[in-house]
Asker: 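Sharing a structure here in structure tokens format.
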Amino acid sequence: RCQVLDGYVHDMACAMLGGVCGHAGLFSNAHDLGVFFTMLLNDGEYGGRKYIDADILHEFTTRYENSTRRGIGFDMKELDTRRTQLMAAEASKKTYGHTGFTGICVWNDPVNDLTYVFLSNRTFPKMNNVTLSNYNIRERIHRRAYKAIKGFHGYTPELITG
């Protein structure tokens, strides 16, 4: 494709299927994703209205049997510490969400009542951009959210590097 993509899916497999397929595409903004994932965190309810049955949500946010990071409907926290962690170490085992081709991630932690939305485009200007992964940017920002929840007092070098 060798060009800037604007308004069209970046995932090559999805593009070959006409731009729409089940495995690809998170076309939204941080606010709307925050609302959607907050609704999931609130057992399918948002703004006083019920959208999804809590039993269905529970099923889709439960870890798939014998898996270290797959849920039935979402990714889960990786339990095998030898593997790549896609979220903060402080996230609970019940954390679920989604990572995407362009580097985005959205995580819900029902234990800590936290919704984390990170939007990016790691494919710009070139697709081989590995900065997010090499520097664990998503995980480090996610970790800051947990520090904020627990109350972070004063400046330490860990605030910048950890």
Side-chain angles (χ1 to χ4, degrees), residues 1 3-64 67 69-78 84-127 129-133 135-150 152:
R1 294 161 35 172
Q3 62 186 339
V4 173
L5 299 177
D6 185 12
Y8 197 73
V9 66
H10 285 79
D11 184 294
M12 290 86 56
C14 184
M16 288 188 298
L17 294 170
V20 178
C21 57
H23 78 278
L26 185 56
F27 301 100
S28 191
N29 59 47
H31 175 267
D32 290 349
L33 283 170
V35 167
F36 180 73
F37 270 75
T38 298
M39 180 268 301
L40 297 176
L41 201 59
N42 292 328
D43 291 329
E45 187 175 313
Y46 186 83
R49 194 166 165 205
K50 189 73 165 175
Y51 292 93
I52 301 173
D53 184 83
D55 291 337
I56 292 170
L57 282 177
H58 175 73
E59 183 152 347
F60 275 79
T61 57
T62 299
R63 190 173 307 279
Y64 186 76
S67 176
R69 82 166 191 95
R70 294 288 184 197
I72 294 172
F74 291 95
D75 289 328
M76 306 290 289
K77 180 174 184 175
E78 175 61 68
T84 301
Q85 301 295 308
L86 300 172
M87 63 185 74
E90 293 83 354
S92 76
K93 290 180 184 178
K94 293 188 177 222
T95 300
Y96 63 89
H98 176 73
T99 59
F101 182 77
T102 59
I104 68 95
C105 66
V106 184
W107 299 115
N108 263 354
D109 184 342
V111 172
N112 290 290
D113 196 30
L114 175 66
T115 297
Y116 170 63
V117 177
F118 179 90
L119 299 183
S120 66
N121 186 355
R122 70 155 184 87
T123 63
F124 185 82
K126 296 189 178 195
M127 211 166 68
N129 183 352
V130 293
T131 304
L132 288 174
S133 298
Y135 292 99
N136 299 315
I137 301 296
R138 295 166 291 204
E139 297 86 343
R140 290 170 64 195
I141 295 171
H142 195 200
R143 186 166 188 225
R144 297 301 184 286
Y146 284 97
K147 284 184 176 185
I149 289 171
K150 294 182 187 333
F152 188 83

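In this text the structure is predicted, and so the values were computed from the model without any measurement. When reading the values below, keep in mind they use all heavy atoms of this one structure, side chains included, and skip hydrogens, waters and symmetry mates.
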Asker: For residues E139 and Q85, report the shortest heavy-atom separation together with the two atoms involved.
Answerer: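 Minimum heavy-atom separation between E139 and Q85: OE2-O, 2.9 Å.
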Asker: Less than 4.5 Å apart, any side-chain heavy atom of C14 and any of L17?
Answerer: no
Asker: Could you tell me if the side chain of H98 sits less than 4.5 Å from the side chain of I104, heavy atoms only?
Answerer: yes
Asker: Ion pair present between R70 and D75, side-chain N to carboxylate O less than 4.0 angstrom?
Answerer: yes
Asker: Would you find a donor on one side and an acceptor on the other, under 3.5 Å apart, between the side chain of Y146 and the backbone of A89?
Answerer: no
Asker: Could you tell me which non-hydrogen atom of G44 sits nearest to which non-hydrogen atom of L57, and how far apart they are?
Answerer: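 Taking G44 first and L57 second, the nearest heavy atoms are N-CD1, 3.1 Å.
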Asker: I'd like to know if the side chain of K94 reaches the main chain of T61, judged simply by a donor and an acceptor atom lying under 3.5 Å from each other, with no hydrogens or angles considered.
Answerer: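 No.
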Asker: Taking all atoms of both residues into account, what is the closest heavy-atom pair of E90 and N112, and its distance?
Answerer: O-ND2, 4.2 Å
Asker: For atom OH of Y51, decide whether the heavy atoms of other residues, nucleotides or ligands shown that lie under 6.0 angstrom number more than 12.
Answerer: yes
Asker: Can you tell me how far the NZ atom of K77 sits from the CZ atom of R69, to the nearest 0.5 Å?
Answerer: 14.0 Å
Asker: Kindly indicate, with the supporting measurements, whether the criterion side chain to side chain contact (heavy atoms under 4.5 Å, CB included) is fulfilled by Y135 and R140.
Answerer: CA-CA 8 Å; Y135 292 99; R140 290 170 64 195; 4.3 Å; yes
Asker: Looking at side-chain heavy atoms only, is the closest gap between Y64 and M76 below 4.5 Å?
Answerer: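 The answer is no, as the side chains (C-beta and beyond) never meet within the 4.5 Å cut-off.
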Asker: Between L119 and A30, which heavy-atom pair has the shortest distance, and what is it?
Answerer: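 Taking every non-hydrogen atom into account, CD1-N, 3.3 Å.
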Asker: Looking at T62, D109, N108, which one forms a side-chain hydrogen bond (donor to acceptor under 3.5 Å, both in side chains) with Y96?
Answerer: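 Testing each of T62, D109, N108 against Y96, the sole residue satisfying side-chain hydrogen bond (donor to acceptor under 3.5 Å, both in side chains) is N108.
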Asker: What do you reckon, is NZ of K93 surrounded by more than 12 foreign heavy atoms closer than 6.0 Å?
Answerer: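 Not more than 12 within 6.0 Å, no.
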Asker: With side chain to side chain contact (heavy atoms under 4.5 Å, CB included) as the test, pick out the partner of T115 among V35, L40, N42, L41.
Answerer: L41
Asker: To the nearest 0.5 Å, what is the distance between CD1 on I141 and OH on Y116?
Answerer: 4.5 Å
Asker: Look at the aromatic rings of F74 and F37 and report parallel, tilted or perpendicular, splitting at 30° and 60°.
Answerer: perpendicular
Asker: Give me the atom names and distance for the closest heavy-atom approach of S120 to L132.
Answerer: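 In terms of heavy atoms, the two residues are closest at OG-CD1, 3.5 Å.
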Asker: Kindly compute the distance separating OG1 (T131) from CG (N136), expressed to the nearest 0.5 Å.
Answerer: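 Reported to 0.5 Å precision, the distance equals 12.0 Å.
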Asker: May I ask you to check whether T102 and N121 show a side-chain donor-acceptor distance below 3.5 Å?
Answerer: no
Asker: Quick one: does R122's side chain have a donor or acceptor within less than 3.5 Å of a partner on F101's backbone?
Answerer: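 Such a contact is found between R122 side chain and F101 backbone.
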Asker: Which atoms form the tightest heavy-atom contact between T99 and C105, and what is the distance?
Answerer: CG2-CB, 4.1 Å
Asker: Is the backbone N or O of M87 less than 3.5 Å from a side-chain atom of H142, with the two atoms forming a donor-acceptor pair by type?
Answerer: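 The answer is no, because no donor-acceptor pair under 3.5 Å joins these two groups.
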